[in-house]
Amino acid sequence: MSVAALPSEGAGRAGLRLSLILLLAPALLWLGLLIILPHIQLLALSLKVKLGPRLYETGLTNYTEFFAESIYWSTLIRTAFISIAATALTLLIAFPVAYYIAKMIRGRRKNLLFVLALLPFWVSELIRTLGWIIILRETGLISLGLQWLGLIDQPVELLGNDAAILVGLVYTSMLFMVVPLVTVLDSLDDTLVEAGYDLGGNGFAVLREIIIPHAMPGIVAGCIIVFMLTLGNILTPALLGGKNSLWFTDQIFQKFIVRFNWEQGAAFGFLLLIVSSLVVWIGLKITRQSLASTMT
Amino acid sequence: MRNELLRTAAVSAVLVATMAVFSAAQAAELRLLTWSGYAPDDVVAQFEAETGIDVEVTFSNNEEMISKLRATRGAGFDLAQPSQDRIEGPQVEFEIYKPIDLSQIDTSLFIPSLLEATKGNTTVDGQVYGVPHVWGTSGLVVDRANAGDVADYGDLCNGSHAGKVSMRLKRPVLIGFAFSMGMDPFAAYSDPAEYEQILNKVAESLIACKADVKAFWEGGDQLISSISTGEVTAAMAWDTGGWKLNNENPDVTFVAPSSGALGWVDSFVLPARGENDEAAYKWINFVMQPEIAAKITGAAGNFTASQGADAFVSDTLKAQFNDSFPQEAIDNINWYPPVPAGLEDLEGRVLDRIRASG
Amino acid sequence: MSPAPDLDIRGLVKRFGRFTAVEDVTFTVPEGSFFSILGPSGCGKTTLMRMIAGFSRPDSGDILIKGNSTIGLPPNRVAANMVFQHLALFPTMSVAENIGYGLRRRGHSKSEIAERVERMLERVDLAGSGPKQINQLSGGQKQRVAIARCLVLEPALLLLDEPLGALDLKLREQMKVELKQLQAKLGTTFVYITHDQSEALVMSDQVAVMNAGRFEQIGTPQDLYYRPLTAFVAGFVGNSNRWRGTVSAVGAQTRYAAEGGFELIGQAVSGLSVGQPVDLFLRPEAITLSRGTDPEAAAANALVGNVQSLLFDGGNSMAIVAPDRGGGSITVALPQTGDLADLTPGEPVRLSWSAEQVTGFAAASAA
Ligand SMILES: Nc1ncnc2c1ncn2[C@@H]1O[C@H](COP(=O)(O)OP(=O)(O)OP(=O)(O)O)[C@@H](O)[C@H]1O
Ligand SMILES: [Mg+2]
């Protein structure tokens, strides 16, 4: 009996595997064609070293040059740090907003506020950034407003520094933090918060021990999205940044488009990929989250 | 399940085939890769009416044009308009253009000196790859009421306009300052070592000048708004920007620097895998007619290589041009020679260094 | 002078807009007692509890815990802890972390917290379960963790909001007993909310019956059962046979004419006048059932009828009798001795009861 049962069971499993493969085929194809294949091409490109017009050899020069030239690696570090700072700042601002939307208001007002948070994204990133230029420039709204109030007697230039970059990046990223936070905070049972207070916790303790642990998957998901978007943002740092402001994605763009040096551009792209993966990995380790838990 | 897959595959195959047929059928179309202002709507409409060829216009700039054509190995467009100094190098390195059949072009429509110069600069292996279209210069845009003393690039850094000066951190700034410092960077194009030395000297003085610079401008609109608000009083910029500002504020205009304005010529090239050369030639011959060329001058703000078009250009623009360019200033223009392959990377590094400093 | 009661509530009122959820509630809970608030759903029990715990502020009245008013104090400063209707255990923490939460807030040392948590776990029979995650516990275990989490803080007062509501029947029966024993062992004062009268009767020293925001009666379970003061209490606490009728005579005993044309004689009740409409209550176990029809069948406080159906439930077995007068049906408890176990549906029976067992209240509509 059991002997007879074996082959058919085996066949059943093989059939299952086949249908599984067929089911996954579109996803795998997509993954392969649109993500893995281009990256392999990029990797191959990054290992080509240009000797002269149409003359190449294989080597690591594109990578070693990155480490040899301090401008390159310091730009990458700077970009990563500003991105981390922008992510943290976005979280700090978005959290109370998300908490307010998720927990403090109900019904129509809640939807209204949510739409309000979405509103800036009806216009393009360029227009949004230009808006900030109009506000921050020497002859802009803030400068004029402060002069009108008599708080300053000279126009102030608020544009062209890292703070301006941060403002622009945080503004652009808000939504991507607010949405996962609202979702995760919506699922927090109000009585957990009340129990936290009832058992002697003050606002800070409840926040730290109950609300944040519950919101952690949303926080991590939001931070990953915002960090990646910020790191890859090229427009905002270029338009709001100052005379000294270098941004790594802009360098990659320059390498590819302006200097026709695709090989080094590809190498830089890979280095950016490594650094961003590393930052995300460290972030997940610190918060003891897994990528899987943040996606559910 | 498997049937489903097969069907999907079949449907996609049909789709791809249909698309191929369609793109072949669209041969009566001219895909033009150009600068904004070089293909105004009325000119396109007139061309379409006269020839029955549809024109699909894509606006771009030198670097993007070359990168786009490089990515597709010269496909996707039938006619492109890089500057004449960006034809030889990319052709040698990437083979993205095809030679121009001059017999298809009505050369009598061109200003002979410009045509000859462009032909000379775009010749690779004995074959001509470019003919001229629009020319212009970069130099200084100055608010004469507040910065009347700025006459050369170097004057931007003389300290008397600290915080009110702007420039674009791209290759023209390096070249302009080199001339202003008494060097000849164009002569050093062929000698990388000497060119690098020149760049290093320029970088040194630009780094020293950085404290005076309010901002490195990125887009033309950005510069124009900072000059019209008075935040900037002198800047390195294109001539058209200065003339545009002059329309609103007579104090502001384009000034040809004493060490010479930098002259560029945007030209016509045929992408290596363009599909409609015939339409491309028709477009060239069409837009070089004096009346049409004057319309393009009206839209772009720059003059063309069309013989006799000046007669049709607005008097304001002619007056602005004459104000900025006395005869000796025209003679003094430093025309960009072809950029040898690999120079951009060298310049890029210096530009990065300048930006990162301070 | 006796010490201040653990909880002293004075004239508490809470309104939501024009709706009054809690209306002029006054009571005291002595130290170490088990006090229940019993009432139907929506009568304002949770609202009252939330005011005691400090989550919402009364519109008027005062709350004193151990003699000190808690009005205006934030919930973390009120010396009462609450077991929530759905427990509200922290899912991101282990069992031990849940129980230690309050101690951590008080800044106890790590070793002391660990020791007290372990001792608490032992007391609720969960020794060794500290490292478990909340979702690894059974319903009854979660219950005990929720209680332990409060008790470890040694509160003056433990508030429990229908903590057994989420459990299945069997577990609820078992936890009822466990809770009572735990309370007796610890001596902590419990204020317990429920809409289940059996929970309230079994566990409490004192029960308050609440209806539409008001307290109808406060007393021992026996008081409420045997000496209800209002028609609502009589109807809500325990099972009763119920008739409408009018008062036909007052005096040493009160006589009532029940609807359907039979007479009931009850205890003297002050405040009733002849002709007044009343609601009449008679407990199933107060009725004596005997076989056959008696010559005295027509006497007061007696009815004849036929057994309609029999509900066997061990010691709680009942007979439903269709009386010859009065209409409807009468529920009668069968003696626990097992006499009459052979009763069959359709059999003629006689029902009788004594005057002490009949309680009449002025009908709500007439009041
Ligand atoms: N925040 C509020 N706003 C308006 N009305 C409320 C609010 N909270 C409670 N109520 C109303 O007050 C009344 C009492 O509610 P409460 O929650 O105290 O009832 P309960 O006795 O605990 O009922 P249950 O046994 O179903 O839990 C209900 O009619 C309810 O609708
Ligand atoms: Mg309730």
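Just the heavy atoms: all of them, side chains too, but no hydrogens, waters or symmetry mates, feed the values below. Note on naming: letters A, B, ... go to the chains in the order of the sequence lines (proteins, then strands), and numbering restarts at 1 for each one.
Heavy atoms closer than 4.5 Å to chain B are found in the side chain of A/Ile71, but not in its backbone. Heavy atoms closer than 4.5 Å to chain A are found in both the backbone and the side chain of B/Arg349. Only the backbone of A/Phe256 comes within less than 4.5 Å of a heavy atom in chain B; its side chain stays farther off. Both the backbone and the side chain of B/Thr229 have a heavy atom closer than 4.5 Å to some heavy atom of chain A.
The residue among B/Glu347, B/Arg353, B/Lys214 with the most heavy atom pairs within less than 4.5 Å of chain A is B/Lys214. By number of non-hydrogen pairs under 4.5 angstrom with chain A, the leading residue of B/Arg70, B/Glu63, B/Glu64, B/Glu344 is B/Arg70. The greatest number of non-hydrogen atom pairs below 4.5 Å with chain A, out of B/Lys68, B/Lys170, B/Lys210, B/Gln222, is found for B/Lys210. Of the residues considered (A/Leu246, A/Leu130, A/Thr75), A/Leu246 shows the highest number of contacts with chain B, using heavy-atom pairs under 4.5 Å. Contact count versus chain A (heavy atoms, under 4.5 Å) is highest, among B/Ala356, B/Ala215, B/Pro90, for B/Ala356.
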Kindly determine whether B/Gln84 and B/Ser267 satisfy side chain to side chain donor-acceptor pair (under 3.5 Å), including the steps that lead there. CA-CA 6 Å; B/Gln84 50 105 17; B/Ser267 38; over 6 Å; no

Take A/Asn244 and A/Arg78 through the test side chain to side chain donor-acceptor pair (under 3.5 Å) and record every step on the way to the result. CA-CA 12 Å; A/Asn244 308 338; A/Arg78 179 189 136 81; over 6 Å; no

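Taking the ring centre of A/Tyr56 as origin, the terminal cationic atom of A/Lys48 falls inside the region bounded by 6.0 Å and 45° from the ring axis.
Evaluated for a ring pair (Phe, Tyr, Trp, His ring centres under 6.0 Å) with A/Phe268, the options A/Trp262, A/Trp73, A/Phe253, A/Phe248 yield exactly one hit, A/Phe248.
The closest side-chain donor-acceptor pair between A/Glu125 and A/Asn233 falls under 3.5 angstrom.
Side-chain contact check for B/Ile175 versus B/Phe186: some heavy-atom pair is nearer than 4.5 Å.
Shown here is A/Phe81, whose CZ atom has no more than 12 heavy atoms of other residues, nucleotides or ligands within 6.0 Å.
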